[in-house]
Amino acid sequence: MINFTLNGKAVSTEAPGDTPLLWVVRDYFKLKGSKFGCGMGLCGACTMHLDGQAIRTCITPVAAIEGKSVTTIEGVSPKGAYNSIQQAWIDHSVPQCGYCQSGQIMSATALLARNPNPTDAEIDQAMQGNICRCGTYPRIKAAIKKAVSDNGSNGSSGSEVAYYTPSNQLEGGNNA
Amino acid sequence: MNEALTTRRQFLQMVGVTGGGLVVSVALPACAAPGLNFDHGAGTYFHNALIQIAPDSRIHFYNPRSEMGQGVYNGMTTLIAEELSTDPDKIEVHFAPVHEAYQSPESGMQSTGGSTSMRVFYTPMRQAAANAREALLQAAAEQLGVAKDSLTLDNGKVIAESGSYPFGDFTALAGQRPIPENAPLKPAAQFKYIGKETSRIDAPAKVDGSAMFGLDADFPGLKKAVLQRCPVAGGKVKSFDGDAVKAMPGVLAVVDIETGVAVVGEHYWQTRQAAEKLNIEWDLPELADLSTDKYFTQLRQQLTEDKGGKAHREGEGAKGLENASEVVKAEYSAPFLAHATMEPMNCTIKIDGDKADVWTSTQIPQVVQGLVARHAGLDAENVNVHSSFLGGGFGRRLYSDYVVEATKIAVASGFPIQLIWSREEDTRNDVYRPGSVARFEASVNDDGLIDTFFVKRAGANAFPAIIDSALPTLMPLGLAEWVGNRVEGVVAGFELDTTSTEGLYEDYDAPNKEARHVTVDSGLSVGFWRSVGHSFSGFFKESFIDELAHHAGVDPYEFRMNNSKKDKRFAEVIKLAATKGNWGNPRHAGATQGIAAHTSFYSRVAEVAEVSVENGNIKVHRITCAVDCGLAVNPDIVKAQMESSIIYGLTATLYGKIDIEAGQVRQSNFHDYPMLRMQEAPEIEVHIVPSQEAPTGVGEPGLPPVAAAVANAVYKATGKRLRELPLSLA
Ligand code: FES
Ligand code: FES
């Protein structure tokens, strides 16, 4: 039995200790927002936060997170609201197929939490582990900068991201 | 070789695949489609299979096209929104089930590919929505007792002098009246959504993890499956160690499906680990002799020895070279490529008595339905295909090999299963972009105009694989039986595939032109890869045009302009890219520029690359892109697709290569089949030619010019002409 915190809730799992955290979250806890892309820590699709740090969960055995706190894409903002990073993603129409975007947002969120005002080179550095086969990199970069300026203008730091109520939320139709 | 070649169009007509033929008809099937009046409450106005307006005023749209990133979810909805004068994000979009009513009026298929959606659906989709608007207005006029002309629609409401009424007030009456036809379409001057840069309506679901992809399908009782295949495609199972694996924790079944052995288990990880212990021995197929090195040698040899089949000829054809004082010759090659969609192939299937449910990311749900029916022994109408968002397509998901595998595993094991491919399996079991070699010979007159343009390409054909995959589900039943027993052979005699030579010769003026093709099948499975034949022909042709320009001592931009007088729209994008890209005056200090242009999927695209070479490494700083795709339904999505195609194309320009040795694909995951990453992505600037012409392709046409634009800039920088992809100065 492995105990940890998942999106703020204490949980435990019977999954074998060598099971990658990604599959524990997807298969046992049924949170499907984190994706499988490579299984080798090469693409970032599976990125979650472990005590605030972005990690590749396809190569993180669940045994290694005993007692720690895990945040997934489902946990970065309250349901039906978006944090400033997600909102910037929407404003810039970043996602194409969308498959890599949970991982991109988790990496970007971790970056802004530790470095609220990153340079271009720092953005590249933090995001280079996340592949986007649809080539949304230019928009991701623009969206990160937008989130930085939004965070700056409302006075909050990257770690206290501002919440927005969605004006154009999809209801029902998206998961048909 | 046979000079009288069957084109794919003729072939399709021959087997009846196209239905009405490849003519854009303006009508979508208007039939009241039984079973498609989805339950949105009593009093719903069931306009047709696409549009249904509920008494709560919600507009439900059943989108017949697969959303794989290209923006069709937004684009199709925009067309409906425009005619219903309602914001696109107020329309509830559903993924359509498989039904005749959702087939493309052009191809007669329910599939998404070939950059066709806006081109084919632009008018029919608007017509369908305009008719729905008319129905609402007629019902409102009758119910309110006013003249129809006094009413308008605004964002889900009917506006009358007496006030505004939600659509839902009139759906019941509309449902009792005949469905209007040929209602007038909105004039372009009144467009509120078409042609505007609205933000994507699928973005919110894609930033909070709630968008569902095929891999996210789940339900109580679902088991996971992992399939071990022969390292050489087509190999058959000889023996394996099933008993030990069956005893492993979490394993429920081990089944032999001939092309591999599958392990079914409770959880993916355990199942994957168990599958690795199967110790399978294989009967190796003929393909075990294949090596790409040998294959490319063979292509070059056959280019020399074989005359090839005629793909195109005008004027004197290649004979024109006989009078030339000088002939410029060059040979180019491009490797096999995997698609590498971010979401690896997967399929979830549940068979229950005489019914089946399938969840999978697919570009071709109609064929998925047919294949499941066939391999599970069910009637197609009892197979329910649940579509979802696709984690990338790029042509890969037009093939349904993973669906057949999943069906066989579900049948053999008796469990509802989700088959998940690893990245390694995905890279090694693709339907690859065919490796190709082409030779050009051309002459240029003293005025710098091309006189004769001759090209011959050798390689496999990309088209037959789709027929192999689709035919069993499309042909009449008796024939399907027959085809099913020999699917691989049915198109063996297939001669001219237009995708093999498309883009090699069309774009520039020349009084004498000829294109020929030598089909050399490697036995490896090949098919459509983003922009298909254009993915290599754009590089070949645009590099060679650059060679001709340098040879003639003319600036490559001027040379292109001088030799494209016939297609004004083509010349226009070249000019726009050169102007906006500061041709002759790179913005990036120390960089050199290259230009390339290409027409594909009826769209013209030109790109200027700014590149520098440092220690033998090619660094791409900036791409300026100009596109004429007719009317841009959503200019921001057009831009996004250009960015996307450029970056996808740059991966192929700088890295992409699948090698085969002893029949086995050597690459496996992103370390040895690398993708462009953020720090390598150039700045991209996209300029759209303002146009009221009919919309043309957007998802692919940005790709073909990019490799040549970069290679031409590298030539400028180094004097080295790189004629092979991926580009390498080593
Ligand atoms: S799936 Fe974990 S990094 Fe690719
Ligand atoms: S949006 Fe498709 S992989 Fe990134």
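Residue numbering restarts at 1 for every chain, and letters A, B, ... go by the order of the sequence lines.
Neither the backbone nor the side chain of B/K90 comes within less than 4.5 Å of any heavy atom in chain A. If you measure heavy-atom distances from B/E683 to chain A, you find no contacts under 4.5 Å at all. If you measure heavy-atom distances from A/I105 to chain B, the contacts under 4.5 Å come from the side chain alone. Of the atoms belonging to B/L390, it is backbone heavy atoms, and not side-chain ones, that fall under 4.5 Å from chain A. With a 4.5 Å cut-off on non-hydrogen atoms, A/K30 touches chain B through its side chain but not through its backbone. For chain A, no part of B/I637 is nearby; none of its heavy atoms comes within less than 4.5 Å. Looking at B/F394, the atoms closer than 4.5 Å to chain A (heavy atoms on both sides) all sit in the side chain, from C-beta outward. Heavy atoms closer than 4.5 Å to chain A are found in the side chain of B/T651, but not in its backbone. If you measure heavy-atom distances from B/A681 to chain A, the contacts under 4.5 Å come from the side chain alone. Proximity to chain A (any heavy atom under 4.5 Å) is shown, for B/Q70, by neither the backbone nor the side chain.
Per-residue counts of heavy-atom pairs under 4.5 Å with chain A were compared for B/R530, B/K224, B/E197; the largest is that of B/K224. The choice from B/G69, B/G209, B/P682 that makes the most heavy-atom pairs within less than 4.5 Å of chain A is B/G69. Listed options A/G39, A/G135, A/C97 were ranked by heavy-atom pairs under 4.5 angstrom with chain B; first place goes to A/C97. When each of B/E680, B/R423, B/E266, B/H267 is checked for heavy-atom pairs under 4.5 Å with chain A, B/H267 comes out on top. For the set B/G71, B/A340, B/G392, the count of heavy-atom pairs under 4.5 angstrom toward chain A peaks at B/A340.
Across every non-hydrogen atom of A/D18 and B/W269, the tightest pair is O-NE1, 3.4 Å. What you find for A/C134 and B/S644 is that their closest heavy atoms are O-OG, 2.7 Å. When all heavy atoms are compared, the tightest approach of B/D208 to A/I73 is C-CG1, 3.7 Å. Here the shortest heavy-atom pairing between A/G37 and B/F670 reads O-CE1, 4.0 Å. B/W421 and A/F36 make their closest contact through O-CE2, 3.5 Å (heavy atoms, listed as atom of the first residue, atom of the second, distance). Between B/I647 and A/P138, the closest heavy-atom pair is CD1-CD, 3.7 Å.
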Applying salt bridge (Lys or Arg N to Asp or Glu O under 4.0 Å) to B/D216 and A/K35, what does each step give before you reach the verdict?
CA-CA 9 Å; B/D216 303 329; A/K35 304 302 185 197; 2.5 Å; yes
With side chain to side chain contact (heavy atoms under 4.5 Å, CB included) as the test, would you mind laying out the steps for A/K32 and B/D218 before giving the verdict?
CA-CA 9 Å; A/K32 305 291 188 180; B/D218 207 347; 2.8 Å; yes
Let me see the working for B/V207 and A/Q101 under side chain to side chain contact (heavy atoms under 4.5 Å, CB included), right down to the final yes or no.
CA-CA 6 Å; B/V207 303; A/Q101 298 298 343; 5.7 Å; no
Run A/L42 and B/M675 through side chain to side chain contact (heavy atoms under 4.5 Å, CB included) and show every step you take.
CA-CA 10 Å; A/L42 299 168; B/M675 301 291 130; over 6 Å; no
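Each of B/R200, B/K206, B/E67, B/Q641 was evaluated against A/Q96; a single residue qualifies, B/Q641, per the side-chain hydrogen bond (donor to acceptor under 3.5 Å, both in side chains) test.
To the nearest 0.5 Å, the span separating CD1 on A/I90 from CD1 on B/I201 amounts to 12.5 Å. Note: A/I144 CD1 to B/M678 CE = 5.0 Å, rounded to the nearest 0.5 Å.
A/R133 places a side-chain N or O within donor-acceptor distance of the main-chain N or O of B/H339, the cut-off being under 3.5 Å. Of the possible donor and acceptor atoms, one in the side chain of B/N669 sits under 3.5 Å from a partner among the backbone N and O of A/C38. Checking side-chain atoms of A/R26 against main-chain N and O of B/L215 turns up a donor-acceptor pair under 3.5 Å. A/Y137 places a side-chain N or O within donor-acceptor distance of the main-chain N or O of B/L676, the cut-off being under 3.5 Å. B/S199 contributes no side-chain N or O that, together with a main-chain N or O of A/D91, makes up a donor-acceptor pair within less than 3.5 Å.
Aromatic ring pairs are classed by plane angle as parallel below 30°, tilted from 30° to 60° and perpendicular above 60°; the pair B/F213 and A/Y99 is perpendicular.
For the pair A/D124 and B/R677, the salt-bridge criterion is not met [side-chain N within less than 4.0 Å of a carboxylate O].
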